[in-house]
Amino acid sequence: MRIPTATYRFQFHAGFNFEDAKQIVAYLAELGITDIYASPIFKARKGSSHGYDVVDSNQINPELGTREDFEALVSELQAKNMGWVQDIVPNHMAYDSENLLLMDVLENGPDSEYFDYFDINWDHPYEDIKGRVLAPLMGSFYGEALENGEIQLKYDETGLSVNYYNTRLPVRIESYVKFITHSLGQLARELGGRQHPDFIKVLGILYLIKNIPSEVKGKERYDQIAFAKGLLWELYTENPAIKDFVDRNIEYFNGEKGNPESFNPLDSLLSEQFYRLSFWKVGAEEINYRRFFTVNELISVKVEEIKAFRRNHALIFHLVEEGKFTGLRIDHIDGLYDPTEYLNRLREKTGDIYIAVEKILEQKENLPEYWPIEGTSGYDFLIQVNGIFCQQENEEKFSDIYQKFARANTNYEQLFYDKKRLIVERNLAGDVDNLAQLLKRVSGQSRYGNDFTRFGLQKALSEVLALFPVYRTYINQDGLRESDRIYIKEVMEEARRHVPQLLKELNFIEKVLLLEEEESLTAEQKELRRHFVMRLQQLTGPLMAKGIEDTLFYVYNRLISLNEVGGNPGQFGISIADFHEFNQKQQETWPHKMNATATHDTKRGEDVRSRINVLSEIPEEWEKQVKAWSEMNRAKKKKMKNRLIPDVNDEYFFYQTLIGTYPFGEIKGTDYHDRMKNFVIKAVREAKVHTAWLRPDSDYENAYMDFVDAVLADEKFLAEIQPFQKTIAQYGIFNSLSQTLLKATAPGVPDFYQGTEFWDLSHVDPDNRRPVNFEERVAVLKEIKEKAEKDILSLIADLVATRSDARIKMFLINRILAARNENIELFQSGDYIPLEVAGKFSDRVVAFARKYENKVAIALTPRFLTSLIKPEEVPLGEQVWEDTRIELPQGMPSAWKDAITAQTIQSNGKVLIGQALQHFPVALLIS
């Protein structure tokens with residue numbers, strides 16, 4: 001197996017394609033990257049900026065280049081001995097006209113070759129979607145859209161289609177009868193009688209359509225339909241009278257705006273289709289297909305079906321077999337029906353290849369050790385390394401500041417429950433209803449559950465879902481493991497406390513989840529119970545993601561650097577002991593997992609978090625500043641309907657964001673204003689307090705954007721905040737350098753998100769997908785490497801003095817990756833040894849050793865520097881660190897070389913921090 005030494009994440013799209021990537025392969029190799037880590041590269045919805053809305057997983061996305069362009073990029077990588085880790089999307093595809101497999105299903109229904117490919121409940125209890133799939137793709141109610149002429153029937157070489165703006169859906173072949181028979185007599189007269197050869201052909205088409213035998217399946221049926229369509233198109237293009245006939249019918253079916261009755265024919269035709277067009281908001285409450293989270297435009301694939309699995313992965317397996325993909329990253333593993341079975345199948349097909357999964361782990365939650373993978377894609381490491389830069393002893397002070405400023409009296413645990421309940425009742429109400437319908441069928445098969453009503457079961461189920469403490473459990477046909485049992489027992493006990501009046505329903509649900517089956521159940525009934533459990537597991541993940549990541553993390557703003565994917569902002573930081581324990585466990589269990597500090601999903605850039613964490617060290621100063629700013633900006637708020645906009649919680653969020661993202665240079669003449677406004681509007685919609693995606697409040701949003709405009713245009717205010725902001729930014733630099741070193745030396749594969757070799761001051765997506773200036777990075781790396789060869793200490797002194805320009809971060813990455821590449825076994829397989837730090841500032845240092853055979857490396861980083869040095873100072877030398885030292889374990893070497901500065905250090909059972917950090921703010925000592 002090829003284990004990457006370091007990965008670099010590319011976000012491919014039309015603006016950054018294979019050729020663009022090829023141009024910087026040499027740069028990445030020089031930087032020390034060994035493998036690219038690519039966003040999905042398969043054909044996606046036209047204009048996709050991220051690639052997760054795949055329309056054909058067996059075609060390279062033409063917007064990224066030709067197959068030859070792809071091969072050229074692969075060749076360039078292989079020439080540099082670099083690998084390719086590919087992000088794949090087994091859970092879902094785009095609900096889009098370009099998704100030909102889905103269009104085939106919508107056209108042919110149960111006769112489609114791909115009928116079982118998508119996760120659709122064709123037997124839904126609601127009559128209007130029974131035997132049809134909901135298509136919640138419209139911007140207004142169906143009746144309004146129909147009578148406004150927004151839904152249009154069209155005809156071309158492919159046949160009849162239903163069109164709503166850019167959405168184009170097929171018409172089932174049986175509906176052609178209704179279309180063709182309208183005004184057929186008039187056509188006969190225009191052709192001179194029913195004996196006209198072309199009229200007979202039209203009758204032949206009708207006969208053929210009406211008499212497609214129901215037992216005809218597969219290729220024979222497709223051939224008959226293609227023949228009928230082809231014959232109609234031939235007549236349309238060759239006979240003007242038939243062209244006029246078809247065009248008149250199109251006009252007839254499309255109705256006349258202002259005449260509601262004229263839309264009856266189209267309404268009737270639409271009622272015959274295998275889909276039901278609807279207002280997009282319907283998807284939140286009534287839906288019969290599984291989506292990605294709450295995104296109607298992403299329909300889930302039944303990848304558990306072996307036919308779907310093979311077809312969905314055919315090109316992926318081919319590229320793995322050819323050695324073009326050397327690793328895979330699995331997107332949204334928790335969305336799959338049976339992740340364990342999927343991963344076993346994937347491993348069987350791909351053999352000895354690097355596999356990582358996108359898996360969000362809660363605090364102290366373990367990745368299933370029985371999965372045949374190398375580990376997660378790194379969110380768990382992000383939370384750990386970020387947490388150690390939050391000063392835990394100031395938690396009470398920060399809680400007090402937040403409560404007083406934002407009047408936020410609700411604790412995190414209560415909000416956790418409340419926000420998940422909100423999603424259960426609104427955004428995922430239809431999904432919960434579907435699950436309750438299934439549970440009602442299950443309970444009806446048991447004497448112990450026969451009297452339960454759907455209402456009672458849904459209420460009990462909603463409680464269980466809202467309280468579920470982790471993304472999901474992994475019960476499958478093989479049964480459940482002890483870890484699953486613990487989570488289920490925990491949540492059921494809590495649910496019984498919340499709704500004691502539903503005790504019997506909850507007890508029944510618990511027995512079903514724990515697979516405690518009655519002996520009287522048939523094999524079919526047991527299978528239904530297992531199906532319910534696995535369906536519930538598919539829902540707990542999206543609920544956690546939407547309730548916590550995409551709602552609570554924009555509401556609970558005590559310290560927003562902690563509001564990160566997989567994090568728990570209710571826990572104010574992480575102790576060094578817990579950090580060490582986490583790394584030791586990773587080395588024992590998942591030594592080759594990814595370590596990330598920025599991803600395409602993170603809520604803010606890695607250096608934004610590094611800055612905001614500094615606030616945790618200075619609560620009194622932060623409180624003083626934020627009060628002053630609020631006073632200065634009070635007049636910029638708007639009063640509407642007895643409320644000031646923005647409210648104090650959103651204002652508190654804004655000030656932290658401002659401190660975290662303000663550039664090192666000026667904001668005049670940049671896009672900073674627009675980026676900030678786009679971000680805060682996304683944030684308040686996600687928060688779902690004053691506005692939301694489902695129910696936008698334009699008054700609140702516009703007033704908030706006006707506030708942001710006014711604040712950022714106020715030169716007096718900007719002059720007021722800059723001394724404090726610059727101070728935070730300077731301390732943030734040191735946090736960032738420390739975080740970078742820890743990521744690259746802790747157990748696992750360090751992953752670098754595109755562009756983060758320089759300061760990463762991005763907001764959440766799509767802001768973090770902005771173009772990267774690689775030309776500048778190439779030039780800086782070349783300059784750094786040349787100067788390092790001539791006089792490295794002179795270069796370092798210059799980099800430290802000009803640290804705001806970000807060259808210092810690139811220099812550090814280059815040096816530590818060089819050390820990793822020179823000592824691959826040490827960093828891939830070496831033991832992780834926490835090191836004891838003693839002396840006056842022992843709590844300001846994070847240190848550990850990696851040991852493999854006769855090689856040892858020590859990673860040493862500072863933190864909490866606000867009370868150690870002044871903003872303009874640097875944390876270097878014994879004068880700063882005094883007696884602070886690392887106490888080395890017995891048997892450690894005495895001679896060391898710093899891989900960053902190339903200087904040697906002698907130790908006699910201890911390493912003085914001031915000596916190790918004499919020239920550069922972090923150290924990587926190797927012996």
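For reference, positions follow the sequence shown, starting with 1.
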Visitor: Evaluate side chain to side chain contact (heavy atoms under 4.5 Å, CB included) for R815 paired with I784, printing each intermediate quantity in order.
Guide: CA-CA 10 Å; R815 298 295 292 185; I784 283 172; over 6 Å; no

Visitor: Give me the one residue out of K636, K638, K637 that meets salt bridge (charged side-chain N to carboxylate O under 4.0 Å, His left out) with D706.
Guide: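 By the salt bridge (charged side-chain N to carboxylate O under 4.0 Å, His left out) criterion, D706 pairs with just one of K636, K638, K637: K638.
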
Visitor: Walk me through it: do Q391 and S616 pass the test side chain to side chain donor-acceptor pair (under 3.5 Å)?
Guide: CA-CA 5 Å; Q391 195 152 354; S616 71; 5.3 Å; no

Visitor: Look only at the side chain of N814 and the backbone of G32, and say whether a donor-acceptor pair between them is shorter than 3.5 Å.
Guide: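 Not confirmed, N814 side chain does not pair with G32 backbone.
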
Visitor: Taking S794's backbone N and O only, do any of them form a donor-acceptor pair with D791's side chain (distance below 3.5 Å, no angle check)?
Guide: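 Indeed, once roles are kept as given, a pair shorter than 3.5 Å links the two residues.
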
Visitor: Honestly, is R9 close enough over Y37, meaning NZ or CZ under 6.0 Å from the six-membered ring centre and within 45° of the axis?
Guide: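 Yes - R9 lies over the ring of Y37, closer than 6.0 Å to its centre and within 45° of its axis.
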
Visitor: Please verify the inter-ring angle class for Y655 with F405; under 30° counts as parallel, over 60° as perpendicular, anything in between as tilted.
Guide: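 Perpendicular.
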
Visitor: Please work out whether the ring planes of F707 and F654 are parallel, tilted or perpendicular, with thresholds of 30° and 60°.
Guide: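 Aromatic pair F707/F654 classed perpendicular.
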
Visitor: Examine distances only and state if a side-chain atom of E358 and a backbone atom of H332 form a donor-acceptor pair shorter than 3.5 Å.
Guide: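 Checked: pair present.
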
Visitor: Report, as yes or no, whether the 6.0 Å neighbourhood of atom CD on E775 holds more than 12 heavy atoms from other residues, nucleotides or ligands.
Guide: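 Atom CD in E775 is not packed in, count stays at 12 or less.
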
Visitor: Can you find a pair of side-chain heavy atoms, one from D805 and one from W759, that are under 4.5 Å apart?
Guide: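 Of all side-chain heavy-atom pairs linking W759 with D805, none is under 4.5 Å.
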
Visitor: Is it true that the side chains of R558 and Q403 contain a donor and an acceptor less than 3.5 Å apart?
Guide: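 Result is no, nothing qualifies.
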
Visitor: Please answer whether the main-chain N or O of F381 pairs with a side-chain N or O of N595 as donor and acceptor at a distance below 3.5 Å.
Guide: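 Checked: no pair found.
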
Visitor: With sequence neighbours excluded, what pairs up with K43 under the side chain to side chain donor-acceptor pair (under 3.5 Å) test?
Guide: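 K43 satisfies side chain to side chain donor-acceptor pair (under 3.5 Å) with no other residue.
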
Visitor: I want to know whether W84 and F10 have ring centres closer than 6.0 Å.
Guide: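 No, ring centres 6.0 Å or more apart.
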
Visitor: For A744 and R820, work out which heavy atoms get closest and say how close.
Guide: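 Of all heavy-atom pairs spanning A744 and R820, the closest is O-NH1, 2.7 Å.
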
Visitor: Are the charged groups of E564 and R609 less than 4.0 angstrom apart, N to O?
Guide: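 Yes.
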
Visitor: Below 30° counts as parallel, above 60° as perpendicular, anything between as tilted: where do the rings of W629 and F724 land?
Guide: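 Rings of W629 and F724: perpendicular, as their planes differ by over 60°.
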
Visitor: Between D751 and T7, is there a side-chain donor-acceptor contact under 3.5 Å, judged purely by atom types and distance?
Guide: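 There is such a pair (donor and acceptor under 3.5 Å, judged by atom type) between the side chains of T7 and D751.
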
Visitor: Would you say E297 and D53 make side-chain contact, with heavy atoms under 4.5 Å?
Guide: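 Result no, sub-4.5 Å side-chain heavy-atom pair not found.
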
Visitor: Please collect all salt bridge (charged side-chain N to carboxylate O under 4.0 Å, His left out) contacts where either partner lies in residues 864-876, sequence neighbours excluded, each pair once.
Guide: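 For residues 864-876, and leaving out neighbouring residues, there are no salt bridge (charged side-chain N to carboxylate O under 4.0 Å, His left out) pairs at all.
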
Visitor: Only counting residues at least two apart or in another chain, list the ones meeting side-chain contact (heavy atoms from CB on, under 4.5 Å) with T599.
Guide: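 By the side-chain contact (heavy atoms from CB on, under 4.5 Å) rule, T599 matches Y379, A596, D601, T602.
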
Visitor: Decide yes or no on side chain to side chain donor-acceptor pair (under 3.5 Å) for N649 and Y402, but give the supporting numbers first.
Guide: CA-CA 9 Å; N649 194 39; Y402 180 45; 2.7 Å; yes

Visitor: For residues 732-741, pull every pair meeting side-chain hydrogen bond (donor to acceptor under 3.5 Å, both in side chains), keeping only residues two or more places apart or in separate chains.
Guide: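 Listed once each, the pairs are D607-S736.
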
Visitor: Judged by modelled atom types alone, do N386 and N613 share a side-chain donor-acceptor pair under 3.5 Å?
Guide: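 Yes, because at least one side-chain N or O of N386 sits under 3.5 Å from a partner of the opposite role on N613.
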
Visitor: Just wondering, are more than 12 heavy atoms of other shown residues or ligands nearer than 6.0 Å to NZ in K80?
Guide: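 Result for NZ/K80: open.
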
Visitor: Report, as yes or no, whether the 6.0 Å neighbourhood of atom CZ on R695 holds more than 12 heavy atoms from other residues, nucleotides or ligands.
Guide: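 Yes, because the 6.0 Å sphere around CZ of R695 holds more than 12 heavy atoms from other groups.
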
Visitor: Can a donor-acceptor pair be found between the side chains of T597 and E606 at a distance below 3.5 Å?
Guide: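 Yes, a side-chain donor-acceptor pair sits under 3.5 Å.
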
Visitor: Quick one: does D714's side chain have a donor or acceptor within less than 3.5 Å of a partner on F717's backbone?
Guide: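 Answer holds: yes.
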
Visitor: E30 vs K785, test: salt bridge (charged side-chain N to carboxylate O under 4.0 Å, His left out). Steps then yes/no.
Guide: CA-CA 9 Å; E30 281 291 310; K785 295 192 83 164; 2.9 Å; yes

Visitor: Determine whether the side chains of R844 and S867 contain a donor N or O and an acceptor N or O closer than 3.5 Å.
Guide: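 Yes.
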
Visitor: Under 6.0 Å from the ring centre and within 45 degrees of the ring axis: does the NZ or CZ of R675 meet both conditions for the six-membered ring of Y662?
Guide: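 Checked: cation-pi criterion not met.
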
Visitor: Check for a donor-acceptor pair, side chain of N563 on one end and backbone N or O of F553 on the other, with a separation under 3.5 Å.
Guide: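 Indeed, once roles are kept as given, a pair shorter than 3.5 Å links the two residues.
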
Visitor: Is the shortest side-chain N to carboxylate O distance from K404 to E623 below 4.0 Å?
Guide: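 E623 and K404: salt-bridged.
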
Visitor: Does K809 come within less than 4.0 Å of E757, counting only side-chain N to carboxylate O?
Guide: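 Here K809 does not pair with E757 in a salt bridge, since their nearest N and O are not under 4.0 Å apart.
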
Visitor: Would you name the heavy atoms of E715 and K668 that are closest together and state the gap between them?
Guide: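 Smallest heavy-atom distance, with atoms named: OE2-NZ, 3.0 Å.
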
Visitor: Looking at D699, D697, D647, which one forms a side chain to side chain contact (heavy atoms under 4.5 Å, CB included) with H690?
Guide: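 With H690 as partner, D699, D697, D647 yield a single side chain to side chain contact (heavy atoms under 4.5 Å, CB included), made by D647.
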
Visitor: For the rings on F734 and F864, is their centre-to-centre separation under 6.0 Å?
Guide: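 Judged by ring-centre distance (under 6.0 Å), F734 and F864 do not meet the cut-off.
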
Visitor: Would you call the rings of F774 and F16 parallel, tilted or perpendicular, where under 30° means parallel and over 60° means perpendicular?
Guide: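 Because their plane-to-plane angle lies in the 30° to 60° range, the rings of F774 and F16 count as tilted.
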
Visitor: Do the side chains of E783 and K787 get close enough for a salt bridge, i.e. N-O under 4.0 angstrom?
Guide: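 Between K787 and E783 there is a salt bridge, with a charged N closer than 4.0 Å to a carboxylate O.
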
Visitor: Under a 3.5 Å distance rule, please check whether R329 uses its side chain to pair with a backbone N or O of D87 as donor and acceptor.
Guide: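 No: the side chain of R329 does not pair with the backbone of D87.
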
Visitor: What I'd like to find out is whether the side chain of K688 reaches to under 4.5 Å of the side chain of V555, using heavy atoms alone.
Guide: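 A side-chain contact is absent here, since even the closest heavy-atom pair is not under 4.5 Å.
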
Visitor: How about I560 and I612: do any of their side-chain heavy atoms sit closer than 4.5 Å?
Guide: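 The answer is yes; the side chains approach within 4.5 Å.
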
Visitor: Taking Q11's backbone N and O only, do any of them form a donor-acceptor pair with Y753's side chain (distance below 3.5 Å, no angle check)?
Guide: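 Looks like no, no N/O pair under 3.5 Å.
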
Visitor: Please confirm whether the backbone N or O of P766 pairs with a side-chain atom of R769, one donor and one acceptor, at under 3.5 Å?
Guide: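 A pair under 3.5 Å: no.
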
Visitor: Ignoring hydrogens, what is the shortest heavy-atom contact between R863 and I388? Give both atom names and the distance.
Guide: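 Scanning both residues completely, I find the closest heavy atoms to be NH1-O, 2.6 Å.
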
Visitor: I'd like to check the side-chain contact (heavy atoms from CB on, under 4.5 Å) partners of D550; sequence neighbours left out, ordered by chain and number.
Guide: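 Result, side-chain contact (heavy atoms from CB on, under 4.5 Å) vs D550: K546, K603, E686.
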
Visitor: Assess the residue pair F389 and Y731 against the criterion (ring pair (Phe, Tyr, Trp, His ring centres under 6.0 Å)); give the C-alpha distance rounded to whole Å, side-chain angles, the decisive distance to 0.1 Å, and a yes or no.
Guide: CA-CA 11 Å; F389 293 97; Y731 288 119; over 10 Å; no

Visitor: Please confirm whether H600 and Y52 have ring centers closer than 6.0 angstrom.
Guide: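 Here the rings of Y52 and H600 have centres that are less than 6.0 Å from each other.
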
Visitor: So, the side chain of R685 versus the backbone of E701: is there a donor-acceptor pair under 3.5 Å, distance only?
Guide: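 Checked: no pair found.
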
Visitor: Cationic tip of R777 within the cone over F758's six-membered ring, i.e. under 6.0 Å and within 45° of the normal?
Guide: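 Positive - R777 is close enough to the ring of F758 and near enough to its axis.
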
Visitor: I'd like to check the side-chain contact (heavy atoms from CB on, under 4.5 Å) partners of M705; sequence neighbours left out, ordered by chain and number.
Guide: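 Testing M705 for side-chain contact (heavy atoms from CB on, under 4.5 Å), a comparison that skips the adjacent residues, returns K677, I681, N702.
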
Visitor: Does the ring center of F752 lie less than 6.0 Å from the ring center of Y8?
Guide: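 Aromatic pair excluded; centres sit 6.0 Å or further apart.
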
